Amino acid sequence: MKQVVVVGIVLARTNYGEADRILTVLTRDHGKVRLVAKGVRKIKSKMAGGIELFSVNDLTYTAGKGDLGTLISSRLKRNYGNIVTDIQRTMYAYEVLKSFHKITEDAAEPEYFDLLNLCLQALDEAVPIQNIEVWLAVHLLSIGGHTPDLAHDTQGQALAESKCYMFDVEHMTFAQKDQGAYQSQHIKLLRLALRASSPQKLSLVQVAQPVGTSVNALCRQMLRLHGYHA
Amino acid sequence: MANILLVEPDTTLGSVYKQALERAGNTVHWRKTAASAVNALDQLSIDVLILEIQMAVHNGIELLYEIRSYTDWNAVRVVLHTDIRSSRIDDRARRDLGIEQVLYKSDTSLAQLCEAVTASKVI
């Protein structure tokens with residue numbers, strides 16, 4: 001049978017019979033794969049260490065006739081073990097895995113693997129969760145073709161420093177409105193998040209707490225509307 | 001009464017909680033780590049899990065996600081009895097993990113802990 005070697009991040013695990021587990025793994029080059037890991041429920045299984053959550057693993061499996069492969073071996077490549085030293089990070093990390101599981105239901109482009117990897121890395125390095133959320137949101141939207149227009153308003157006018165805006169989530173565009181909740185600093189933060197190659201880079205920027213909170217809420221709203229939340 | 005798995009890493013507190021829950025008529029199995037709790041769940045028939053989520057190596061949230069990933073353990077009732085304030089456990093996690101109650105240790109008497117077990121739907 002054909003053996004496949006992949007680098008993957010486990011998104012979900014569920015039981016399969018007495019001692020086996022079904023792993024749903026996000027890989028960079030083979031999309032999302034489902035693998036049976038035999039005997040891993042037994043604590044002393046040699047493979048157990050290689051299929052932990054919040055880690056990147058080298059996995060070798062044989063492709064089955066259906067969509068279920070069989071895991072032959074696994075090796076821990078990188079463990080983001082600091083995540084679980086904080087309860088808030090742990091909860092958020094599980095939420096992120098669930099979101100990626102849902103987002104990649106139909107197709108898993110290589111970008112999703114990279115995004116998840118960077119996100120776990122940032123959580124491991126104790127980057128503030130709010131920064132990670134904003135960064136992740138704009139990049140997920142971007143991959144999905146829902147990038148917010150951060151240059152022009154609904155009338156096609158360039159976004160201005162002195163004006164206030166509301167956000168039209170359906171059209172992913174700011175609309176000018178007196179007393180609108182969003183101003184230039186909100187838009188700048190979204191632009192920075194989109195340009196930053198990692199959450200760590202975004203964290204180098206000092207952002208006033210209310211602006212960060214408001215942008216984070218907007219990002220959640222955008223994700224919800226476009227079906228990204230688990 | 002209930003068959004309880006108490007997961008409490010602190011030796012003194014664990015001993016006190018175990019005695020109180022047993023005096024209330026429950027059978028209590030006390031474990032100090034997430035890994036030993038998984039073993040206990042494998043070997044025993046547990047009705048209610050009373051859990052401190054702040055633990056070394058694997059925390060209680062990890063343990064709960066692990067437990068809920070097994071269909072045969074989905075019926076286990078969960079009461080968090082923890083040093084972490086209830087407000088820090090978000091609603092989504094409560095719902096996803098089937099957490100019935102979150103009791104903040106410093107504000108919870110032994111009687112209230114026992115009541116939480118009695119209030120659990122399984123009893």
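Everything numeric here is computed off the predicted structure, so don't read it as measured data. Below, chain A is the first sequence line, B the second, and so on; all start at residue 1.
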N/O donor-acceptor pairs under 3.5 Å from side chains in residues 114-123 of chain A, not counting sequence neighbours:
residue: A:Asp114; atom: OD1; partner: A:Arg28; partner atom: NE; Å: 2.8
residue: A:Asp114; atom: OD2; partner: A:Arg28; partner atom: NE; Å: 3.3
residue: A:Asp114; atom: OD2; partner: A:Arg28; partner atom: NH2; Å: 2.7
residue: A:Asn117; atom: OD1; partner: A:Tyr80; partner atom: OH; Å: 2.5

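The CZ atom of B:Arg88 sits 7.0 Å away from atom CE of A:Met91, with the distance rounded to the nearest 0.5 Å. Rounding to the nearest 0.5 Å places CD1 of A:Ile87 at 6.5 Å from CD1 of B:Ile89. Rounded to the nearest 0.5 Å, atoms CD1 (B:Ile61) and CD1 (A:Ile83) are 14.0 Å apart. We find the CZ-CG distance between A:Arg89 and B:Asn59 to be 13.0 Å, quoted to the nearest 0.5 Å. To the nearest 0.5 Å, the span separating CZ on B:Arg68 from OG1 on A:Thr14 amounts to 13.0 Å.
B:Lys105 NZ: more than 12 foreign heavy atoms inside a 6.0 Å radius. Counted within 6.0 Å of CD on A:Glu170, heavy atoms from surrounding residues, nucleotides or ligands total 12 or fewer; the atom is thus considered open. Heavy atoms from other residues, nucleotides or ligands lying under 6.0 Å from OH of B:Tyr104 number more than 12.
Heavy-atom distances place the side chain of B:Asp96, and not its backbone, under 4.5 Å from chain A. For chain A, the nearby part of B:Ile84 is the side chain; its heavy atoms alone come within less than 4.5 Å.
Nearest heavy atoms, B:Ser69 versus A:Arg13: CB-O, 3.1 Å. Counting all heavy atoms, side chain and backbone alike, B:Glu66 lies closest to A:Arg21 at OE2-NH2, 3.2 Å.
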